[in-house]
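Everything on this sheet refers to the single structure shown next.
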Amino acid sequence: QRRRLLGYSGRTATRWILTIVAGLLTGLTSIFLVFFTGAIVQFRARIMHDAINNWGKSLPIFQIFLWTNLILALFSSILCVAWSPPAAGSGIPEVKAYLNGVRSMQKLANWPLFLVKIMGTILSVSSALSVGQEGPLIHIGAIMGASCTKIGGALSNILIHWNSRRNKRKRGHRRGRAGQHHQQQQQQQPEVSWTELLLDWTLGELSHFATDAERRDLVSIGASVGFAASFGAPIGGLLFILDDISSYFERQLLLRMLVANAIGTFCLAVKHGDLSNYSIISMGTYETPNDNIFINRLVEVPLYVLVGLGGGVLGGIFSWAYLWLRRNITSKFPPAGEGRSKWQLSEVAVVSILSSIVLFYLPRVSWACKQVPEVDIQYLEAYEDNQAYRREEEQKRFFCPAGEINEMATVMFGSRIDAIRDILSDPSAFEQRTLICIGFVFYILTLITFGTTIPAGIFTPTVLIGAALGGACGNAFHQYVDEEISPSTFALLGVAAMLAGVQRSTVSVAVILVEGTGQIKVLSPVIIVVVISRYVAQSISTLGIFETVIDYKSYPYLPHEHLKRYYDAVQVKEIMSEPPLEVLCRSERVGDLVDLLKTSNHNGFPVVESGTGRFLGLIRRAQIAALIECGVFSKQRNIQGEEDLVAAAFGIQIGGDSKNSESTPLMHWAYLINDDRYGHILSIPDEENPVESLRSRNVLIGSSIGDENDEFVDYHAHSLLTEEQLEVNESIRLSLMPTPIRGSTSSSFSASSLSEIPCEFGTVTRNAAGNVVVSWYNAEFEQYWVDLAAAANRGTYTVPEFCPVSKAYKLFTALGLRHIVVLGGHTGGEVVGILTRASFLESHIEDESGL
């Protein structure tokens with residue numbers, strides 16, 4: 001019976017451990033990003049300060065500023081182009097597409113992607129480009145969540161080699177010790193080390209989480225922590241995933257996500273040394289008007305509408321202009337391998353040079369200089385001995401006379417986060433022309449920067465644009481409409497309008513602004529502005545910026561809302577993949593399956609009864625390849641029991657004298673194989689020595705088989721047992737084998753039986769089309785039978801051929817499915833077609849239905 005801890009099974013406890021790990025790792029990564037980005041910005045400020053003091057001329061200083069930014073931007077782009085192209089961009093469209101079920105992209109649990117994303121983000125944000133680190137942090141959080149599903153495999157491999165070396169030393173030590181009494185005592189009291197117990201837990205519990213469902217949950221949790229850490233909004237991060245990113249969300253995920261968000265934001269609070277400061281973007285010391293707030297707000301409603309209209313227009317134009325620029329610039333680049341990387345680096349260089357010119361020479365306008373406030377003079381005198389503070393103040397002066405500061409330079413050269421906080425706190429401290437100039441300049445720079453080959457987020461520039469333009473509107477309303485109007489209120493509403501207009505976020509925007517400011521009283525104005533801005537932007541450009549990127553990159557994304565009305569009039573038989581279908585019988589020969597994988601492009605194959613054609617289940621390409629690779633086949637065709645299947649597959653006799661010899665047939669369960677088991681395979685290895693290439697891979701499979709009572713049978717088969725692994729102790733050897741339920745004494749493999757296991761069954765690669773194939777297999781097993789019904793998913797979702805497309809579409813997107821089998825024929829239970837993601841694309845439905 002499964003052990004329980006405070007009412008929870010071991011698997012539930014493991015799920016919580018992985019949730020905490022995902023939140024902690026994402027929080028620590030956010031600290032890493034903030035620290036090193038700030039360090040590089042301060043280093044550049046020190047160089048600029050020394051250059052101003054030593055030379056005093058603008059041209060040499062500009063050259064330093066230009067080359068510093070250009071080098072940082074180019075290095076960031078080179079990392080993406082050379083090592084991990086998917087690291088470019090914000091990563092939010094990729095996460096959104098992944099959670100929608102798109103699997104055509106590079107997998108998330110990828111170390112090059114993770115490292116390039118972190119280093120590239122630090123370099124790009126430090127290069128003075130109009131980008132932010134919030135979007136990449138969401139992507140990094142998703143990578144962390146996906147990587148947590150890999151902990152089991154990585155940890156088990158480490159423990160196996162650790163125990164192997166440990167047992168070698170122990171056996172050598174025992175040979176030098178004499179005495180039969182000692183040997184008998186060792187046999188009576190076998191030692192079980194902590195590493196063996198940890199390995200048992202790793203193979204038994206962690207292997208369950210290398211499935212698509214668990215990975216999807218952890219990706220959602222990691223992305224939520226990234227968003228929460230960016231804005232200091234644990235609830236806002238949860239709602240951002242629920243409202244804007246995830247297509248399928250389970251209610252039991254809410255508590256896990258909230259706990260992970262709290263852990264991630266707590267890490268930032270520890271870094272700042274203040275539990276009230278737990279965000280990357282600070283909303284400043286925003287204060288609302290006092291007692292007459294509701295009366296004033298009622299009078300100001302028409303002004304809220306104007307701000308919403310303005311944000312919606314700018315947001316809609318941004319999405320439309322982005323798509324136009326990418327299609328007319330990036331789409332003209334040559335294909336990969338034909339000089340595309342040179343064009344991508346050239347684009348980044350041009351954008352960096354243009355940004356440096358604008359940021360450096362725009363603060364030279366005459367009206368940018370203003371008298372230093374009395375408060376700043378007092379601070380400057382108080383921190384006279386603080387060199388870092390004095391350098392920052394000197395940089396703010398930027399060629400202005402003594403006693404004055406260049407308020408535009410404080411935004412252009414300083415921290416964008418500090419600029420957002422200063423504008424939101426008091427927009428009236430800035431010149432009206434300065435705010436308007438900052439808003440539109442960064443609007444244009446963000447437009448030409450977003451989409452280049454660098455890790456680039458869009459949250460920080462969007463918030464800065466909204467704060468500047470909203471603050472300018474607030475100053476104008478305060479001056480010309482009513483002196484009781486607070487400019488800070490409209491600076492905050494400008495942020496809400498821009499975020500809703502550009503990203504089409506609604507609920508999450510309202511919550512993060514309330515959480516970020518700590519003022520619940522701003523909720524009503526924010527709701528008014530967000531709703532108006534969203535619908536105005538949608539009238540200009542149907543898709544938000546993330547959906548626009550998905551559309552531009554041609555991801556097969558299926559929106560789960562706003563279905564076409566004619567979908568109710570179209571039947572699934574009009575859009576399904578029709579016969580001739582590649583349908584498999586209950587058992588197939590190894591050689592036939594190998595040929596099928598080489599000639600077919602499908603990823604799912606229906607399994608049917610040989611005589612009646614009755615549908616039994618669906619088996620995936622990766623499952624077939626894994627069964628052949630691991631040697632799960634037999635000489636006999638009809639194998640019913642799970643123990644017989646294992647025995648026949650490995651040629652090992654299992655005793656049947658146990659009381660628990662009755663076993664539930666394996667075919668009643670879905671034989672789960674890791675969805676990304678072959679994700680690391682990029683090309684076909686050298687076919688001259690396929691056995692040697694197989695020996696070098698050494699892949700451990702961990703699969704879980706469960707019924708409705710949550711009583712699991714854990715199978716652990718090693719595709720290749722090396723000499724080193726044959727020397728581990730008996731308990732670890734058993735964990736590498738397909739064994740019955742852990743703790744059962746019905747039957748077990750003896751240690752000597754390992755020598756009977758064939759070590760080479762087959763090797764799995766990818767063909768030119770990217771499909772998983774068995775490129776080599778041992779010809780000795782060509783006529784052996786693979787029991788596909790035992791491994792097929794018996795719970796595959798099916799629909800009748802007359803089902804409306806609208807119903808099947810909702811089923812496919814709501815549950816994140818990959819296949820839906822269409823049944824029909826004379827009996828109504830025959831397989832007549834299959835629905836895949838391509839079947840539900842709008843263009844395909846229009847072509848097939850003629851509507």
Side-chain angles (χ1 to χ4, degrees), residues 16-43 114-115 117-119 121-122 125-126 132-145 147-148 151 218 220-241 254-286 383 386 388-389 392 414-422 424-425 457 459-460 463 508 511-519:
W16 272 103
I17 292 174
L18 294 180
T19 299
I20 295 173
V21 169
L24 183 61
L25 291 178
T26 306
L28 294 177
T29 304
S30 65
I31 295 177
F32 185 86
L33 286 176
V34 172
F35 176 80
F36 281 97
T37 301
I40 295 178
V41 171
Q42 290 180 4
F43 176 74
F114 172 70
L115 296 177
K117 194 72 177 184
I118 290 180
M119 302 307 299
T121 301
I122 293 174
V125 174
S126 305
Q133 56 192 358
E134 293 75 27
L137 185 56
I138 293 174
H139 193 191
I140 291 171
I143 295 173
M144 287 294 188
S147 299
C148 286
I151 293 178
L218 288 170
S220 300
I221 290 172
S224 175
V225 177
F227 186 91
S230 300
F231 289 93
I235 300 177
L238 187 153
L239 293 177
F240 176 74
I241 299 299
L254 290 173
L255 181 58
R256 293 172 57 195
M257 191 173 290
L258 186 61
V259 171
N261 290 349
I263 293 173
T265 52
F266 179 77
C267 292
L268 279 173
V270 173
K271 188 264 179 185
H272 293 146
D274 183 4
L275 291 180
S276 63
N277 185 6
Y278 44 84
S279 65
I280 294 178
I281 297 180
S282 175
M283 294 297 176
T285 56
Y286 176 77
Y383 292 93
N386 191 322
Y389 184 80
E392 183 180 353
S415 170
R416 306 283 164 76
I417 306 301
D418 294 341
I420 292 172
R421 184 187 63 242
D422 295 339
L424 288 175
S425 299
F459 282 101
T460 296
V463 173
S508 59
V511 173
I512 64 173
L513 294 182
V514 172
E515 282 189 288
T517 59
Q519 298 290 338

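Starting from 1, each residue takes its place in the sequence as its number. In this text the structure is predicted, and so the values were computed from the model without any measurement.
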Fill in the blank from the handout: Residues passing the side chain to side chain contact (heavy atoms under 4.5 Å, CB included) test with Ile122, sequence neighbours excluded, are Phe32, Leu33, Phe36, Thr37, Ile40, Ile118, Ser126

Practice task
Please report the shortest heavy-atom distance between Pro234 and Thr265, naming the atom on each side.
Solution key: CG-OG1, 4.0 Å

Completion exercise
Residues Val225 and Gly264: closest non-hydrogen pair is CG1-CA, 3.8 Å

Problem - Derivation of the side chain to side chain contact (heavy atoms under 4.5 Å, CB included) call for Ile20 and Ile263 - result: CA-CA 7 Å; Ile20 295 173; Ile263 293 173; 3.7 Å; yes

Completion exercise
In short, Ala233 meets Glu515 closest at the heavy-atom pair CB-OE1, 3.0 Å

Problem - ring pair (Phe, Tyr, Trp, His ring centres under 6.0 Å) involving Phe43 - partner list, sequence neighbours excluded - result: none

Practice task
Kindly compute the distance separating CD1 (Ile221) from OG1 (Thr19), expressed to the nearest 0.5 Å.
Solution key: 4.0 Å

Fill in the blank from the handout: Closest non-hydrogen atoms of Gly132 and Pro136, given as atom of the first, atom of the second and distance, are O-CD, 3.7 Å

Problem - Pairwise distance CD1(Ile143) to CG(Leu115) - rounded to 0.5 angstrom - result: 9.5 Å

Exercise for the section: Run through Val21, Thr29, Leu24 and flag the one making a side chain to side chain contact (heavy atoms under 4.5 Å, CB included) with Met144. Expected result: Thr29

Problem - Gap separating the CG atom of Leu218 from the OG atom of Ser224, nearest 0.5 angstrom - result: 12.5 Å

Problem - Shortest non-hydrogen contact between Gly145 and Ala22, atoms and distance - result: CA-CB, 4.4 Å

Handout entry: Thr121 side chain vs Lys117 backbone, donor-acceptor pair below 3.5 Å
Key = yes

Practice task
May I ask you to check whether Thr460 and Gln133 show a side-chain donor-acceptor distance below 3.5 Å?
Solution key: no

Handout entry: Reported CZ-to-CG distance for the pair Arg421 and Asp418, which is rounded to 0.5 angstrom
Key = 4.0 Å

Completion exercise
When rounded to the nearest 0.5 Å, the distance separating CD1 of Ile17 from SG of Cys148 is 11.5 Å

Problem - Leu239/Ile235 under side chain to side chain contact (heavy atoms under 4.5 Å, CB included): CA gap, chis, key distance, verdict - result: CA-CA 6 Å; Leu239 293 177; Ile235 300 177; 4.2 Å; yes

Practice task
Please round to the nearest 0.5 Å and tell me the distance separating atom OG of Ser147 and atom CD1 of Ile140.
Solution key: 11.0 Å

Handout entry: Whether Phe459 and Phe227 hold their rings parallel, tilted or perpendicular, with breakpoints at 30° and 60°
Key = perpendicular

Practice task
Applying side chain to side chain contact (heavy atoms under 4.5 Å, CB included), run through Ile512 and Phe240 and close with a yes or a no.
Solution key: CA-CA 9 Å; Ile512 64 173; Phe240 176 74; over 6 Å; no

